[in-house]
There are 2 protein chains.
Amino acid sequence: MTDRGASARPARRPTRQQQAITDLLERSEEFVSAQTFHARLRAAGERVGLATVYRTLQSMVEAGTVDVLRGDDGEAAYRACSTDHHHHLVCRSCAKTVEVEGPAVERWTDAVAAEHGFTQVTHTVEIFGTCAECAASTRTR
Amino acid sequence: MTDRGASARPARRPTRQQQAITDLLERSEEFVSAQTFHARLRAAGERVGLATVYRTLQSMVEAGTVDVLRGDDGEAAYRACSTDHHHHLVCRSCAKTVEVEGPAVERWTDAVAAEHGFTQVTHTVEIFGTCAECAASTRTR
DNA sequence: TCCCAGCGTGAGAATGATTGTCAAAACCGA
DNA sequence: TCGGTTTTGACAATCATTCTCACGCTGGGA
Ligand SMILES: [Zn+2]
Ligand SMILES: [Zn+2]
Ligand SMILES: [Zn+2]
Ligand SMILES: [Zn+2]
């Protein structure tokens, strides 16, 4: 975490399992937990171990190609994301996600931190709500 | 989470254990995990069960007198906080915490959410860094 | 004051996500 | 193809959190 630009560790050797994970990841629009991810792969007929799912997702997080989010219960959820810094607007009901950017927020966090003498600043900003679709279906039900 | 202003459940009966927890909570400037909290109470000679620590902290969170924060490892940390909406600037090294407010951020999150048709919006914003003191001691070592 | 009904406690079991272990399988360059 | 290295996966181990449920305390009524 602290040694951001450190020398990247030797790239991971590509395998069938990693390919399956990457594929499913790219087809997912929402944040998914490792457990669910594993279940879906299995359901799709892929033969992948749970440990591998965790390992692969983790290395992708470190590589910056996947974002991780902690739900209220503390369970981690993953999603393929563009590599540049951004935040998320997540539907509490269906987990659909919109990537958003906010230069103003970036500036604000840095300013606040500096103001209090903090250095090596990072931040997390997540917005949760109910998407239009889910709101509609709830109302209709 | 969704039923914010719901009728508050019958207030909890005050006990020696809850008092001990409240006291320690008010003397803590930083976010502390339930496990650590329990250990400190024990170390201080208080006889309180772990389950009670969890239960009490949780009800305080629901009551809004305590804020909860999830670390990178997913472990929850608690801290007594003023009841009005605010965010935190937390030292990654000593967990010292500063409460901060940002009207601009509040407006931004609402605007972004509305823009995408999301309703019942909430958000989390946390800033992490190294406080001046910790930075100094690290440099000195 | 004595007794009873309920709520709060806490030790220990249960849960469930995540991580560790390690032998077998897959890779890849020579 | 061969051999050293990396990755995998079934399973065990961790560890925070929740669940269970018998027991203690409290407050009000008899
Ligand atoms: Zn939705
Ligand atoms: Zn940002
Ligand atoms: Zn510090
Ligand atoms: Zn806010």
Side-chain angles (χ1 to χ4, degrees), chain A residues 1 7-25 30-63 65-79 95, chain B residues 1 7-25 30-63 65-79 95:
Chain A
M1 290 300 148
S7 59
R9 71 185 58 182
R12 186 147 241 259
R13 188 184 289 173
T15 64
R16 164 180 62 79
Q17 292 86 339
Q18 286 176 46
Q19 190 53 241
I21 293 176
T22 302
D23 288 350
L24 179 54
L25 212 36
E30 6 77 60
F31 275 89
V32 184
S33 76
Q35 299 283 350
T36 301
F37 213 93
H38 179 243
R40 288 191 186 172
L41 284 172
R42 283 305 183 77
E46 295 289 347
R47 195 162 311 280
V48 182
L50 179 57
T52 299
V53 172
Y54 273 102
R55 276 187 297 242
T56 304
L57 288 175
Q58 246 162 38
S59 68
M60 290 174 123
V61 168
E62 281 166 30
T65 59
V66 163
D67 277 359
V68 58
L69 181 58
R70 296 265 175 193
D72 283 333
D73 56 356
E75 189 177 357
Y78 306 82
R79 178 175 186 275
Chain B
M1 288 300 148
S7 59
R9 69 186 58 183
R12 191 146 233 268
R13 182 169 9 188
T15 64
R16 163 180 62 78
Q17 292 86 339
Q18 288 176 43
Q19 190 54 240
I21 292 176
T22 302
D23 288 350
L24 179 54
L25 211 37
E30 6 78 58
F31 275 90
V32 184
S33 75
Q35 298 283 350
T36 301
F37 213 93
H38 179 242
R40 288 191 186 171
L41 284 172
R42 283 303 183 80
E46 296 289 347
R47 196 162 310 278
V48 182
L50 180 57
T52 299
V53 173
Y54 274 102
R55 277 187 296 240
T56 304
L57 287 175
Q58 244 162 41
S59 67
M60 289 174 122
V61 168
E62 280 166 30
T65 59
V66 163
D67 278 359
V68 58
L69 180 57
R70 296 263 175 195
D72 283 333
D73 56 357
E75 189 176 358
Y78 307 82
R79 177 174 187 278

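For clarity, every value in this text was computed on a predicted model and none was experimentally measured. Each chain gets a letter, A, B and so on, in the order its sequence line appears, and its residues count up from 1.
Nucleotide C:dT15 holds its P atom 17 Å from the CD atom of A:Glu75, rounded to whole Å. Distance B:Leu50 CG to C:dA11 C1': 10 Å, rounded to the nearest Å. In this structure, B:Arg47 places its CZ atom 15 Å from C1' of D:dG24, rounding to the nearest Å. If you take NE2 of B:His38 and C1' of C:dA11, they are 10 Å apart, rounded to a whole angstrom. When rounded to the nearest whole Å, the span between CG of B:Asp73 and P of D:dA16 equals 9 Å. The separation between B:Arg70 atom CZ and D:dA16 atom P is 13 Å, rounded to whole Å. Rounded to a whole Å, the CD atom of A:Glu46 is 15 Å from the C1' atom of D:dG9. Across the protein-nucleic acid pair, A:Leu41 atom CG and D:dT8 atom P stand 13 Å apart, rounded to whole Å.
One finds the CZ atom of B:Arg40 at 8.5 Å from the OG atom of B:Ser33 (value rounded to the nearest 0.5 Å). Here the CD-CG distance, from B:Glu30 to B:Leu69, works out to 12.0 Å after rounding to the nearest 0.5 Å. Note that CE of A:Met60 is 7.5 Å distant from CD1 of A:Ile21, once rounded to the nearest 0.5 Å. We find the CD-CZ distance between B:Glu46 and B:Arg16 to be 7.0 Å, quoted to the nearest 0.5 Å.
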Step by step, would you call B:Gln35 with B:Glu75 a side-chain contact (heavy atoms from CB on, under 4.5 Å)? CA-CA 9 Å; B:Gln35 298 283 350; B:Glu75 189 176 358; 4.2 Å; yes

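If you check D:dT17, C:dA17, C:dA11 against the side chain of B:Arg42, the one that comes closest is C:dA11.
Residues in residues 31-54 of chain A take part in these ring-ring contact (aromatic ring centres under 6.0 Å, His included) pairs, two or more places apart or across chains: A:Phe31-A:His88.
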Between the protein and nucleotides 21-30 of chain C, list every N/O to N/O distance that falls short of 3.5 Å.
unit_1	atom_1	unit_2	atom_2	d
C:dC27	O2	A:Arg13	NH1	3.1

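Taking side-chain N and O atoms only, B:Tyr54 has a distance below 4.0 Å to OP1 or OP2 of D:dT17. For the pair A:Gln58 and C:dT19, the criterion of a side-chain N or O lying under 4.0 Å from OP1 or OP2 is met. For A:Gln18, a side-chain nitrogen or oxygen approaches OP1 or OP2 of D:dT8 to under 4.0 Å.
The side-chain hydrogen bond (donor to acceptor under 3.5 Å, both in side chains) check on A:Thr52 picks up A:Arg55, with sequence neighbours excluded.
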